[in-house]
Amino acid sequence: FDWSKKITSEDKLKKVILLRYGEIHLKGKNRGSFENALLRNIESAIFSVDEDAKVARIGGRYVVYNFNEANLERLMDKCSKVFGLVSLSVAFEIESDVENIKTTLKELISQDNALATAKTFKIDVKRADKKFPIQSTEFAAMLGGVVLDEYPHLKVDLKTPEIQIDVDIRENGKTYIFKDKIKGVGGLPVGTSGNVLVMLSGGIDSPVACYLMAKRGVKISAVHFHSYPYTSKQAKDKVIELANEVKDYCGGFDLYCVSFTKIQEEIHKNCKEGYMITIMRRIMMRICEKLCKKYGYQAVVTGENLGQVASQTIESMTSTESVLQSVPVFRPVLAFDKIEIIKIAKQIGTFNTSILPYEDCCTVFLPKNPLIKPKIELVEQEEAKLDIDTLVDEAIANLEIIKI
Ligand code: ATP
Ligand code: MG
């Protein structure tokens, strides 16, 4: 955004970030909680970059101001990851006054390389403030004249202009002038749709599951099972790294690190080999359910994907899930193709970390022939050889909570 580089030391021309959200879908009661959650999330996003930055709500928009110019790009990046926002712009804020807007526009467009080399342009005026004396189309034509005075070679093209300049006249008595709109991530503000516990492995799928749940407004926390010393310290660090990578989208959260070593050893020692994975996953689920109860999560989320590996058949999922009594399991990537999941992982920046080659606890004691369609009665017979309640309680008692 070349305009954003313009220095605006003068008081009358304030550089701000204008944030837009999809207000059309908002009705009645939901609106307040949507807007409040969004405000809080924007605040924590911008404060992580610039403690002096401020955000104000102005009908239908948020405005970020009072930041250090040097932080502008990082602030834009953070805001572009806040769910609920549909687009953002670096804008100049001025008093809504006809002459003021005209002279400011003239100032802004002077020596503009993009306008000098373009063939077509358009001025788009939005007049939310009905007290502003000139109607939007008429005012757009007037401002178009200001541009044409400076760049007489340009033609107005209302349908597909090469350059569009937006003039947004808001009800707070201010007008926002900007040239570019950057797409936001959309979705719903995190914190408006409940909270869940995501099972975070070091793989590609579960970080994407975190992102997709957060996108629907869900606050996530995560649990990771490790088998240290069978799995390395790097394997755990990798998961912490992944958690930090989804943090921009999901907000800060607790990562519960649970040692699964003793449980795996017990299963290995006592149960038939083919049942290893099924029993492991059922015990993981039991631990998750207890964590949900203890810390107030409403559901367990996994990165399971139908048909991807032996343990991801409907039968396996049925047998894993059947140990749960009080919470559902959500699988946001269940029906995605691997290519689609990878595309999201790359877009959100977790892919390169996910493919680091550290062992996951699921690959320790991996049976040669895992059961693809485990029969519940037989699984239960094998589980009866273990003192599951004690193993689960011990695992939870020794849990480590990492603040992300
Ligand atoms: P991912 O890419 O997320 O690792 P995957 O395709 O490797 O998934 P599995 O290893 O079968 O599949 O795991 C399926 C899901 O189970 C994971 O997406 C994750 O939600 C959960 N899971 C597996 N291993 C662990 C672990 N060590 N800690 C926490 N959750 C796990
Ligand atoms: Mg995995």
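Just so it is clear, the structure is predicted and the values come from calculations on it, not from any experiment. When a ligand or atom number is given, it counts from 1 through the structure's own listing order.
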- Query: Can you find an N/O atom of Ser201 closer than 3.5 Å to an N/O atom of ligand 1?
  - Reply: yes
- Search all heavy atoms of Ile163 against all heavy atoms of Leu115 and return the closest pair with its distance. CD1-N, 3.7 Å
- Task: Output yes when the distance from some N or O of ligand 1 to some N or O of Ile204 is under 3.5 Å, and no in every other case.
- Result: yes
- Do any nitrogen or oxygen atoms of Val301 lie less than 3.5 angstrom from nitrogen or oxygen atoms of ligand 1? no
- Query: Given Gln164 and Asp166, is the side chain to side chain donor-acceptor pair (under 3.5 Å) satisfied, shown in steps?
  - Reply: CA-CA 6 Å; Gln164 176 167 326; Asp166 284 79; 3.2 Å; yes
- Message: For Lys155 and Asp157: C-alpha separation, side-chain torsions, deciding distance, then whether salt bridge (Lys or Arg N to Asp or Glu O under 4.0 Å) applies.
- Response: CA-CA 6 Å; Lys155 294 263 172 310; Asp157 181 344; over 6 Å; no
- Message: Need the ligand 1 atom indices (1-based, order shown) with element for anything under 4.0 Å from a heavy-atom of Asp205.
- Response: 1 (P), 2 (O), 3 (O), 5 (P), 6 (O), 8 (O)
- Message: When you measure from the centre of the six-membered ring of Tyr228, is the NZ or CZ of Lys236 closer than 6.0 Å and no more than 45° off the axis?
- Response: no
- Query: Below 4.0 Å from any atom of ligand 1, is there a heavy atom belonging to Asn305?
  - Reply: no
- Note on the structure: Closest non-hydrogen contact found for Arg282 with Ser319 is NH1-O, 2.8 Å
- Task: Could you name the option among Gly303, Ala235, Ser206, Gly202 that has the heavy atom nearest to atom 3 (O) of ligand 1?
- Result: Ser206
- Using a strict 4.0 Å cut-off to heavy atoms of Arg281, name the atoms of ligand 1 that fall inside it. 11 (O), 13 (O), 14 (C), 15 (C), 16 (O), 21 (C), 23 (C)
- Query: Does the N or O separation between Lys338 and ligand 1 drop below 3.5 Å for any pair?
  - Reply: no
- Task: Decide, yes or no, whether a salt bridge links Lys126 with Asp124 under the criterion of side-chain N to carboxylate O below 4.0 Å.
- Result: yes
- Relative to the heavy atoms of Phe225, which atoms of ligand 1 are at a distance of less than 4.0 Å? 26 (C), 27 (N), 28 (N), 29 (C)
- Item | Met199 N/O under 3.5 Å from ligand 1 N/O | yes
